[in-house]
Structures are given as C-alpha cells and as structure tokens.
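Computed from heavy atoms alone, side chains included, the values below leave out hydrogens, waters and symmetry copies. Residue numbering restarts at 1 for every chain, and letters A, B, ... go by the order of the sequence lines. What you see is a predicted model; the values in this text were computed from it and never measured.
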Amino acid sequence: NAGVTQTPKFRILKIGQSMTLQCTQDMNHNYMYWYRQDPGMGLKLIYYSVGAGITDKGEVPNGYNVSRSTTEDFPLRLELAAPSQTSVYFCASRGTGPNTGELFFGEGSRLTVL
Amino acid sequence: AQSVAQPEDQVNVAEGNPLTVKCTYSVSGNPYLFWYVQYPNRGLQFLLKYITGDNLVKGSYGFEAEFNKSQTSFHLKKPSALVSDSALYFCAVRGGGSQGNLIFGKGTKLSVKP
C-alpha cells in the first residue's frame, strides 16, 4: 500500500523555468491537496480538489496551477519559477465518512529556484 | 475564520520526563482538531484527532491530547518522553466550508535530551 507518492523528491530550477510536481494516491480518496512548507511558517494550502475534474484555489495559489483528470493523480504545475517558490511541497489526500478528517501526506518535493 | 496557535517554537525535555506541546484554536462551530509529527526530511504523520466524544484522545506512539472547550486548547502530551520523540509537531484544525482542508499551526520543535 503506497499511500501518497510524490515525484521528484528534489529539484533545482532556474528562474523562469517551468515544471510539474507529480502526486498520485492509491486509496481512492476524493479529496486531494497541495501545501507548501516554509521554515517557521507551517503549511499553506496552494490548491485543492474535491474530486476528478474539480479544483479550486487555496490560500497561496499565485504562480501555480493544477489539474485533476483522474481520482488518483493531482499534479501541480509551476509556471515561470521564481525564488519565492523555493519551498518544500506536500501533496495530501483525504477520504470521506463521519469519522474521517485526517490527511495522508506524501514525503514531499524539495524545490530550489536559483 | 478557523485558526490554530502553537505558542512555543521549541520545547526541551529530558528523556523520561513528561512532555506537553501546547495548541490553542479558534473556530466557528464544533472543532475538528489534529496533531501531526514530522521527522527531518519526511512528510507529516498523523498522530491523533478529536472530532467528538471523550476529551482525552489517545494516539500513536503513546501520545495523547486533551480537548478543553472552555480554554479552546488541545495540548499534546506524553507521560514519558523518548529521545526518538524529537521532531517537529503540528497542531491543525479543519477548515470551514466543504473543502475539508486542514489549517496548520507554525509547528513546535520538540527536543528530548538523554
């Protein structure tokens, strides 16, 4: 049972380059999320999805884009990378039901923009 | 708006002593509260949650948390700390609306010395 899988684990980008962070989950969860983690700042929500074909902005969406064509996959696209996007990115998913609520996280993707 | 606060950036404890990591929350409606742990260069791991029921919640690795409605607190506790408990701990509250995301505190670094 792999859970939530993120690739790549590490990446260095030059300013202005673009890339996609991949996220896939095998738990058949409808809800998926992208967070970024910066030191001393906790985690901030970038985008989320409540099901295939449905996405919406979170707290810090500028400079990012997402798509959700399948239940399993939720890629995060960075266009025109900037140094401010240097961060650790976490993908998470959540099931539904009366006693659920916790998110399951991937291991993270560490991105540096130089 | 939902929010959580972790008033301590760092907590230092001697091995074998009890530990407490503090969290206070602000929500409209009933709170859904969570604790996560993050080891270096890893994703967040779920420890425990409070949704309803007993105010004392037991979780993974011997951790427990006490929900206190009058003080709007959800402190994480462990009777006897281990060196291996050293990590970054996050308190979180479920956000409002249908997206079900978690809103995280800034994190508390727990250091357990032998």
Apply side-chain contact (heavy atoms from CB on, under 4.5 Å) to the pair A:Tyr48 and B:Asn101, showing each step before the final yes or no.
-> CA-CA 8 Å; A:Tyr48 68 95; B:Asn101 63 296; 5.7 Å; no

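Under the 4.5 Å side-chain heavy-atom criterion for ILVMFWY residues, a single connected hydrophobic cluster contains both B:Tyr32 and A:Leu45. At a threshold of 4.5 Å between side-chain heavy atoms, the hydrophobic network of Ile, Leu, Val, Met, Phe, Trp and Tyr places A:Val66 and A:Met19 in one connected group. With hydrophobic clusters built from ILVMFWY side chains whose heavy atoms lie under 4.5 angstrom apart, B:Ile51 shares a cluster with B:Phe46. Residues B:Phe74 and B:Val93 share a hydrophobic cluster, clusters being chains of Ile/Leu/Val/Met/Phe/Trp/Tyr side chains in contact below 4.5 Å. In the hydrophobic cluster analysis, where Ile, Leu, Val, Met, Phe, Trp and Tyr join through side-chain heavy atoms closer than 4.5 angstrom, A:Phe10 is grouped apart from A:Leu76.
In A:Asp38, the CG atom is crowded: over 12 heavy atoms of neighbouring residues, nucleotides or ligands sit closer than 6.0 Å. In this structure, A:Ile15 places its CD1 atom where more than 12 heavy-atom neighbours from other residues, nucleotides or ligands lie under 6.0 Å away. No more than 12 heavy atoms of other residues, nucleotides or ligands lie within 6.0 Å of NZ in B:Lys106, so this atom counts as exposed by the packing criterion. Residue-environment remark: CZ (B:Arg42) stays at or below the threshold of 12 foreign heavy atoms within 6.0 Å.
A distance-only check finds no donor-acceptor pair linking the side chain of B:Tyr36 to the backbone of A:Glu102 [under 3.5 Å]. A donor-acceptor contact shorter than 3.5 Å links the side chain of A:Tyr35 to the backbone of B:Leu102.
Applying a 4.5 Å heavy-atom cutoff, the residues of residues 105-114 of chain A that approach chain B are A:Phe105, A:Gly106, A:Glu107, A:Arg110.
The two residues B:Phe104 and A:Leu43 come nearest to each other via the heavy atoms CD1-CB, 3.9 Å. For B:Phe90 against A:Gln37, the heavy-atom pair with the smallest separation is CZ-NE2, 3.3 Å.
With a 4.5 Å cut-off on non-hydrogen atoms, B:Asn41 touches chain A through its backbone and its side chain both. Within the 4.5 angstrom heavy-atom criterion, no atom of B:Gln6 approaches chain A.
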